[in-house]
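Note: hydrogens, waters and symmetry copies are ignored here, and every other heavy atom, side chains too, is used.
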Amino acid sequence: MAINRPAVLITGAARRIGAILARSFGAAGWHVVIHHGFSHAEADALAAELPSAEVVQCDLTDGDAAEAMVEALAERLPDWRVLVSNAAVFNEDRADRIDPAVFAEAMAVNAATPVRMAQAFLRSASASGGRRVIQFTDMKVANPNPDFFSYTMAKNALAASVRTLAMAQDDPRDRVYALAPGAMLPSHDQRDEEHLLSGRMNLLGRITEPEELADAALWLAEGWLASGQTLFIDSGQHLMTQPRDVLYLARGLT
């Protein structure tokens, strides 16, 4: 397949926010590599919608396989400019007792594998004008609570990697960023009426739309911002102090 567009790989792009990101990059003229773990039908259907797209599959609990996937893409994509690590697992455990299986999966998918993919991308991809890594963290890195404990630990580990990995780049055109979303779509086992409450638990009292996150990702991909920085797309939620995840705060009001 001859590709005459800049390329972006988006992990977890078959569904939810990842699919919105893929459509936004596609509409902006990018060749979109849609990664999925097990959403074969959704990924193929999305690729068929976009002007230029392809599908790759990888279980992100396997860091070796994810790194190999990046290296294989780098060999054949002539202008691979951006890696967006959007995929994540979000399973409950609490601060009083870690669930070992939840912890291991969260640290692999939400921290270790995105970092290994970023390292492989920065080593091997060719791009005109430099390469950009966009790691999805979470507003919880600034506004923590004890819920989803392993998830929060992993996102903090990923956040720590952004600035340090940025510092390690010799070429100033290569940049590493973080996007930190707040409550945006219904999550975990949340009911619609709970989401309508929890999504507004921010300083602006509004639901932050996923399209705002896609706009921010496109701006980081194409705009000018010093490497190592984080953008919070959360209507000010990270500036608050919330004792529990908003999922449970809203549940207590319904």
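- A distance-only check finds a donor-acceptor pair linking the side chain of D147 to the backbone of D245 [under 3.5 Å].
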Mind listing the side-chain donor-acceptor pairs of residues 100-108 below 3.5 Å, one per line with the distance, residues two or more places apart or on another chain?
residue, atom, partner, partner atom, Å
E105, OE1, N91, ND2, 3.4

Next item on the list: Give the intermediate values and the outcome of salt bridge (charged side-chain N to carboxylate O under 4.0 Å, His left out) for residues R94 and D99.
Entry: CA-CA 8 Å; R94 288 186 53 80; D99 181 312; over 6 Å; no

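- Between M139 atom CE and T230 atom OG1 the span is 14.0 Å, to the nearest 0.5 Å.
- Here the side chain of R131 pairs a donor or acceptor atom with the backbone of L122 at under 3.5 angstrom.
- Atom CG in L158 sits 4.5 Å away from atom OG in S161 (nearest 0.5 Å).
- The two residues I20 and P210 come nearest to each other via the heavy atoms CD1-CB, 3.4 Å.
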Check: Do L9 and M117 pass the side chain to side chain contact (heavy atoms under 4.5 Å, CB included) test, and can you show the C-alpha distance, the side-chain angles, and the key distance before you say yes or no?
Finding: CA-CA 11 Å; L9 167 63; M117 291 178 66; 3.9 Å; yes

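- The closest side-chain heavy-atom distance from V133 to Y177 is not below 4.5 Å.
- Under a 3.5 Å cut-off, the side chain of S187 and the backbone N or O of A183 do not form any donor-acceptor pair.
- Counting all heavy atoms, side chain and backbone alike, A65 lies closest to D62 at N-OD1, 3.1 Å.
- A donor-acceptor contact closer than 3.5 angstrom links the side chains of S198 and Q190.
- Considering only residues two or more places apart in sequence or on other chains, S128 meets the side-chain contact (heavy atoms from CB on, under 4.5 Å) condition with D79, R81.
- Between the CG atom of N143 and the OG1 atom of T152 there is a distance of 10.0 Å, given to the nearest 0.5 Å.
- When only modelled atom types and interatomic distance are considered, N145 and Q242 share no side-chain donor-acceptor pair under 3.5 Å.
- Taking NZ from K155 and OG1 from T137, the interatomic distance works out to 6.5 Å, rounded to the nearest 0.5 Å.
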Item checked: E54 and R76: CA distance, side-chain angles, deciding distance, salt bridge (charged side-chain N to carboxylate O under 4.0 Å, His left out) verdict -> CA-CA 13 Å; E54 62 182 282; R76 63 178 182 79; 2.2 Å; yes

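- Y248 and E92 are linked by a side-chain donor-acceptor pair at a separation below 3.5 angstrom, with hydrogens and angles left out of the test.
- Minimum heavy-atom separation, W30 to L218: NE1-CD2, 4.1 Å.
- With sequence neighbours excluded, the residues that form a side-chain contact (heavy atoms from CB on, under 4.5 Å) with S39 are A14, R15, H36, E42.
- Taking a cutoff of 4.0 Å between a charged side-chain nitrogen and a carboxylate oxygen, E212 and R206 qualify as a salt bridge.
- Residues Q119 and E67 bring no donor and acceptor atom of their side chains to less than 3.5 Å of each other.
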Next item on the list: Decide side chain to side chain contact (heavy atoms under 4.5 Å, CB included) for H35 and V55; before the verdict, give the C-alpha distance in whole Å, the side-chain angles of both, and the deciding distance to 0.1 Å.
Entry: CA-CA 6 Å; H35 159 269; V55 173; over 6 Å; no

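- Looking at Q57, its side chain does come within 3.5 Å of a backbone N or O of G37 through a donor-acceptor pair.
- Nearest approach of G223 to R175, heavy atoms of both residues: O-NH1, 3.6 Å.
- Ion pairing of R132 with E222 is absent here, as no side-chain N (NZ or NE/NH1/NH2) approaches a carboxylate O to less than 4.0 Å.
- Hydrophobic clustering of Ile, Leu, Val, Met, Phe, Trp and Tyr side chains at less than 4.5 Å, counting indirect connections, unites V109 with V56.
- Crowding of R163 atom CZ: a count of heavy atoms from other residues, nucleotides or ligands under 6.0 Å not exceeding 12.
- In terms of heavy atoms, G18 sits closest to N86 at CA-ND2, 3.4 Å.
- From H40, atom NE2 reaches atom CZ of F38 across 7.5 Å, with rounding to the nearest 0.5 Å.
- Residues V162 and L83 share a hydrophobic cluster, clusters being chains of Ile/Leu/Val/Met/Phe/Trp/Tyr side chains in contact below 4.5 Å.
- Across G205 and N202, no two heavy atoms sit closer than the pair N-OD1, 2.7 Å.
- A 4.5 Å side-chain heavy-atom check between F136 and I233 finds every atom pair outside the cut-off.
- Within the 3.5 Å criterion, the main-chain N or O of A87 finds a donor-acceptor partner in the side chain of T11.
- Grouped with M240 in one hydrophobic cluster are L203, L239, the linkage being side-chain heavy-atom contacts under 4.5 Å among Ile, Leu, Val, Met, Phe, Trp and Tyr residues.
- For Q229, there are no side chain to side chain donor-acceptor pair (under 3.5 Å) partners two or more places apart in sequence or in a different chain.
- Between L77 and V33, the closest side-chain pair of non-hydrogen atoms falls below 4.5 Å.
- Ring pair F232/H238 is parallel by interplanar angle, where below 30° counts as parallel and above 60° as perpendicular.
- Listed by chain and number, the residues in a side-chain contact (heavy atoms from CB on, under 4.5 Å) with D171 are R173, D174 (sequence neighbours excluded).
- Judged by distance alone, the side chains of E71 and S124 never bring a donor and an acceptor atom under 3.5 Å apart.
- S150 and D93 are linked by a side-chain donor-acceptor pair at a separation below 3.5 angstrom, with hydrogens and angles left out of the test.
- Using a 4.5 Å heavy-atom cutoff, the side chains of V89 and Y151 are not in contact.
- In the hydrophobic clustering of this structure, V82 groups with I34; members are Ile, Leu, Val, Met, Phe, Trp, Tyr whose side-chain heavy atoms approach within less than 4.5 Å, directly or through other members.
- Between R23 and L46 there is a side-chain heavy-atom pair separated by less than 4.5 Å.
- For the pair E209/I207, a side-chain contact is recorded, criterion being any heavy-atom separation below 4.5 Å from C-beta on.
- Residues L231 and I10 are members of one and the same hydrophobic cluster, defined by side-chain heavy-atom contacts under 4.5 angstrom among Ile, Leu, Val, Met, Phe, Trp and Tyr.
- Linking Ile, Leu, Val, Met, Phe, Trp and Tyr whenever their side-chain heavy atoms come within less than 4.5 Å leaves V176 and L225 in two separate clusters.
- In this structure, a donor-acceptor pair under 3.5 Å is present between the side chains of H31 and S52.
- Here L185 contributes atom CG and I17 contributes atom CD1; the two are 4.5 Å apart, rounded to the nearest 0.5 Å.
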